[in-house]
Number of protein chains: 2
Amino acid sequence: MYDVGKRAGVSSATVSFILNGRGSGGDRISEETRQRVYRAIAELGYVPNQSARALRRQKTDRVCLVIPQIGTPFSDGLANSVQSVAEAHGYSLILSMSGGRERERHVFEQLRRGLADGAVLFDPEHLTNEELAQLAHAGVALVVQCNRVQGTNFDVVKIDEIKALQDAVRYLYDHGRRRVAFLFNVTESGIQEERLQSYWQTWRELGVPILESFVLRNVGRLREQVYRSVSKLLQSSERPDTIMAGSDMFAISAVWAIRDAGLRVPEDIAVIGIGNIPEGEITHPPLTTVGVVTPTFGDLTGLLFSRLASPVPLDGRVMTRQWELILRGSA
Amino acid sequence: MYDVGKRAGVSSATVSFILNGRGSGGDRISEETRQRVYRAIAELGYVPNQSARALRRQKTDRVCLVIPQIGTPFSDGLANSVQSVAEAHGYSLILSMSGGRERERHVFEQLRRGLADGAVLFDPEHLTNEELAQLAHAGVALVVQCNRVQGTNFDVVKIDEIKALQDAVRYLYDHGRRRVAFLFNVTESGIQEERLQSYWQTWRELGVPILESFVLRNVGRLREQVYRSVSKLLQSSERPDTIMAGSDMFAISAVWAIRDAGLRVPEDIAVIGIGNIPEGEITHPPLTTVGVVTPTFGDLTGLLFSRLASPVPLDGRVMTRQWELILRGSA
DNA sequence: TCAATTTGGTTATTCGTTTTACCTAATTTA
DNA sequence: TAAATTAGGTAAAACGAATAACCAAATTGA
């Protein structure tokens with residue numbers, strides 16, 4: 001910057017004023033000088049240093065989106081959404097993967113060290129309320145999607161699944177379903193178990209017994225594995241008339257298995273998923289599922305940028321999204 | 001840092017020496033002082049500022065992975081691979097999406113401004129050789145996966161598709177296939193057209209005519225759209241005995257359509273994909289395709305970190321991966 | 001016993017910007 | 001015509017850490 005100034009015959013301060021447009025004394029530069037400086041910048045191929053700028057202004061002009069793992073249908077949409085809004089506000093987006101305890105801590109540390117001005121944390125598994133508060137206290141605008149946490153200096157978006165899960169069970173009950181199978185994976189976070197419990201208890205309240213042999217707790221991650229689990233289930237002497245899956249992908253695999261076994265969905269076996277992923281709309285039959293109808297992308301970005309824009313520290317806001325039962329063809 | 005020093009009764013330089021371990025005079029601190037400083041750090045919740053550190057050291061300890069769009073099967077694996085290696089080398093990974101001209105330029109600008117010490121650019125569409133050279137000249141360790149570019153101060157990984165595509169055609173020809181349909185999408189980059197041309201020309205050299213009605217140039221992005229296009233194709237009076245798809249996903253949708261039409265794969269119609277995505281292994285039948293057997297993840301990360309580690313500027317290296325015909329069940 | 005060395009630090013400069021406070025010459029006002 | 005204003009800058013002090021150069025006291029060596 002000093003070099004640019006020297007070449008244009010001005011001081012480095014003048015260059016800075018020109019580049020940053022209207023500041024405290026920034027609009028008082030003659031057109032002539034301006035042109036000379038621009039020429040010098042072009043000739044030298046000068047580019048301002050972001051670290052220095054961030055250090056001086058105490059602002060990085062970056063926001064960070066933290067997702068456990070890219071490659072899920074949800075992360076894709078969320079990332080695109082946040083990136084668009086970020087760029088519209090003059091921020092650039094940094095994506096970070098936080099899958100696993102190690103990585104989550106690592107990202108947390110990076111944010112503490114000033115990686116970005118704000119962050120959206122999607123489903124942090126290991127961070128405590130205190131740590132999040134600490135981060136927010138350090139000046140990072142924080143929005144967290146998580147049912148576990150709450151804070152006074154950052155925002156939280158929660159998902160209320162319970163009611164929709166109960167609705168699903170009641171719907172199936174009302175349509176005469178009584179022989180219910182479950183497809184799940186036991187995971188570290190235990191979110192799947194919670195859903196199973198919720199389903200299970202609702203059935204019990206309705207007086208419908210659950211056969212232990214109908215509860216598959218480890219169907220695997222690959223489609224093929226799920227397919228095989230379900231195929232085996234269908235060969236048992238007494239087969240279920242309903243399959244409640246822990247995710248839409250499991251549900252889709254289940255539909256394949258059922259159709260390949262010569263049975264009809266939903267006439268012979270009803271299938272219901274969880275999550276409402278886009279793929280569910282184009283399967284045959286389209287998938288009945290439980291999830292958010294409108295994704296929470298907008299909520300998260302809205303909270304983040306209102307927080308970034310606010311001159312005074314905002315206190316913690318909480319938004320709750322209700323999940324809904326989305327009736328399509330498979331149940 | 002100064003505050004930490006004051007609390008521990010030492011200067012800020014001492015704190016710095018302790019935090020950075022062995023530097024020019026860093027190992028000469030007594031255990032006693034060390035403990036006092038650590039305590040002060042903990043009590044104050046001090047965390048070093050990354051911008052200041054980067055400014056002084058001219059090094060960010062970050063690498064950036066630039067992908068057009070997350071959510072593709074490839075990007076997922078690549079990101080995980082790079083992140084693991086990066087963290088093992090003491091770097092943190094920043095992910096950036098460069099889809100579209102605007103975003104690609106934006107990421108380029110960020111890198112010029114010193115976002116990271118090194119970057120892997122995956123399939124940049126709009127960047128020129130000069131711009132890449134400029135970026136590398138600015139001190140960014142650069143590895144680019146792209147067939148279009150070459151440089152003397154950055155590394156390039158190229159994919160040689162041609163031979164494998166020809167192998168595929170020849171294989172089909174040898175197995176008596178003569179009525180060939182193509183499934184493609186016209187894209188901005190024109191990569192799909194290139195592949196089509198390559199296929200097409202090989203068939204012509206073998207003296208097999210291509211029916212224009214068998215060339216579908218706009219099958220859409222959604223599975224359902226592809227499915228419908230293929231279903232319609234199958235209803236024509238003279239149906240193809242071979243479908244060459246522009247991607248594995250198209251191929252998978254084609255298989256569904258064929259089976260739902262009561263035909264067999266590969267007996268009635270052979271299907272071949274491009275890309276070798278993981279899903280291809282678990283379909284029924286497993287998908288015959290053209291692609292890399294071992295992913296190029298290792299090449300890219302290897303080149304990047306050897307470049308970052310090298311004390312002298314390396315000249316441009318080029319690696320070429322051959323695509324191969326991967327015979328599975330669908331052709 | 002006195003110079004040489006080691007121990008355990010400190011001081012001051014630097015990285016590349018931004019920004020406040022100040023300055024001088026030219027122009028306007030009364 | 002002198003005072004006040006304005007136009008068009010400049011100088012210098014931050015921001016928070018890293019590091020080269022220096023230094024005083026304690027220890028060692030011959």
Side-chain angles (χ1 to χ4, degrees), chain A residues 1-38 40-41 44-62 90 109-110 112-115 117 138-140, chain B residues 1-38 40-41 44-62 90 109-110 112-115 117 138-140:
Chain A
M1 197 156 199
Y2 176 77
D3 293 338
V4 170
K6 195 157 73 176
R7 187 175 190 105
V10 296
S11 74
S12 66
T14 304
V15 179
S16 176
F17 282 134
I18 290 179
L19 285 178
N20 294 295
R22 31 203 51 275
S24 26
D27 36 358
R28 307 153 70 84
I29 307 290
S30 74
E31 190 55 32
E32 231 186 325
T33 312
R34 212 172 276 271
Q35 292 311 324
R36 254 183 310 141
V37 169
Y38 279 134
I41 288 177
L44 293 172
Y46 164 81
V47 151
N49 178 309
Q50 182 68 81
S51 294
R53 169 179 265 238
L55 173 59
R56 176 61 227 234
R57 306 218 340 234
Q58 301 292 79
K59 192 164 183 316
T60 61
D61 293 333
R62 289 191 284 244
E109 197 56 31
Q110 293 300 313
R112 292 226 309 165
R113 289 168 178 236
L115 175 64
D117 299 334
V140 181
Chain B
M1 199 157 196
Y2 175 79
D3 293 339
V4 171
K6 193 158 75 176
R7 187 175 191 103
V10 295
S11 75
S12 66
T14 304
V15 179
S16 176
F17 282 134
I18 290 177
L19 285 178
N20 294 295
R22 30 202 52 271
S24 28
D27 36 359
R28 308 155 68 85
I29 308 289
S30 75
E31 190 55 31
E32 229 187 327
T33 312
R34 211 172 277 270
Q35 291 310 324
R36 255 183 310 144
V37 169
Y38 280 134
I41 288 177
L44 292 172
Y46 164 82
V47 150
N49 178 311
Q50 183 65 214
S51 294
R53 167 180 266 241
L55 173 60
R56 179 61 229 243
R57 306 219 334 233
Q58 303 289 79
K59 192 162 181 321
T60 60
D61 293 333
R62 289 189 285 244
E109 197 57 31
Q110 294 299 313
R112 292 225 309 164
R113 289 169 178 237
L115 175 64
D117 299 334
V140 180

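Small disclaimer: the values here were computed from a predicted structure and weren't measured. The analysis underlying the following values was restricted to heavy atoms, covering all of them including side chains, and did not include hydrogens, waters or symmetry mates. Chain naming here is simple, since letters A, B, ... match the order of the sequence lines and numbering starts at 1 in each.
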- [ ] Could you check whether B:Val10 gets within reach of a base, just the sugar-phosphate, or nothing at all, counting any heavy atom under 4.0 Å?
- [x] sugar-phosphate

Task: B:Asn20 CG - D:dA17 C1' separation (whole Å) - done: 8 Å

Open item on the list: So A:Val47, base contact, sugar-phosphate only, or nothing? Heavy-atom distance under 4.0 Å.
Closed with: sugar-phosphate

- [ ] Give a yes/no on whether any side-chain N or O of A:Tyr46 is located under 4.0 angstrom from OP1 or OP2 of C:dT17.
- [x] yes

Task: Distance in angstrom units between A:Arg28 CZ and C:dT19 P, rounded - done: 16 Å

- [ ] With sequence neighbours excluded, tell me which residues meet side chain to side chain donor-acceptor pair (under 3.5 Å) with A:Gln58.
- [x] none

- [ ] Please list all pairs passing the salt bridge (Lys or Arg N to Asp or Glu O under 4.0 Å) test where one or both residues lie in residues 6-16 of chain B, with sequence neighbours left out.
- [x] B:Arg7-B:Glu43

Open item on the list: Rounded to whole Å, how long is the line connecting atom CD of B:Gln58 with atom C1' of C:dT17?
Closed with: 12 Å

Open item on the list: Can you confirm whether B:Met1 sits close enough to B:Asn49 that some side-chain heavy atom of one is under 4.5 Å from a side-chain heavy atom of the other?
Closed with: no

Task: Base-paired stems in DNA chain D, each at least three Watson-Crick or G-U pairs under 3.5 Å - done: C:1-30 with D:1-30

Open item on the list: Categorize A:Ser30 for me: base, sugar-phosphate, or nothing, with a 4.0 angstrom heavy-atom threshold over every strand shown.
Closed with: sugar-phosphate

- [ ] Mark yes or no for a side-chain to base donor-acceptor pair under 3.5 Å between B:Arg56 and D:dA18, with no hydrogen or angle criteria applied.
- [x] yes

- [ ] Figure out the CZ/P separation between A:Arg53 and C:dC15, and round it to whole Å.
- [x] 20 Å

Open item on the list: Using a heavy-atom cut-off of 4.0 Å across all strands, would you classify A:Ser51 as base, sugar-phosphate, or nothing?
Closed with: nothing

Open item on the list: Tell me the interatomic distance from B:Phe17, atom CZ, to D:dA21, atom P, rounded to whole angstroms.
Closed with: 12 Å

- [ ] May I ask you to evaluate whether A:Ser12 reaches the phosphate of C:dT17, defined as a side-chain N or O under 4.0 Å from OP1 or OP2?
- [x] no

Open item on the list: Rounding to an integer number of Å, can you tell me how far A:Arg57 CZ sits from D:dG16 P?
Closed with: 15 Å

Open item on the list: From C-beta outward on B:Thr14, which listed nucleotide comes closest to its side chain: C:dG9, D:dT10, C:dG16?
Closed with: C:dG9

Task: Atom pair distance, as rounded to whole Å: CD in B:Gln35 and C1' in C:dG8 - done: 16 Å

Task: d(CZ, B:Arg113; C1', C:dT17) in whole Å - done: 12 Å

Open item on the list: Checking A:Glu32 now: which residues fulfil side chain to side chain contact (heavy atoms under 4.5 Å, CB included) with it, not counting sequence neighbours?
Closed with: A:Ser30

Task: Donor-acceptor contact present, side-chain B:Thr60 to main-chain B:Asp117, <3.5 Å - done: yes

Open item on the list: My understanding is that only residues two or more places apart in sequence, or in another chain, count here; which of them pass side chain to side chain donor-acceptor pair (under 3.5 Å) with B:Ser51?
Closed with: none

TODO: Look at the side chain of A:Ser16 and decide which nucleotide, out of D:dA11, D:dA17, C:dT18, has an atom nearest to it.
DONE: C:dT18

Task: All side chain to side chain donor-acceptor pair (under 3.5 Å) counterparts of B:Arg36, not counting sequence neighbours - done: B:Thr33

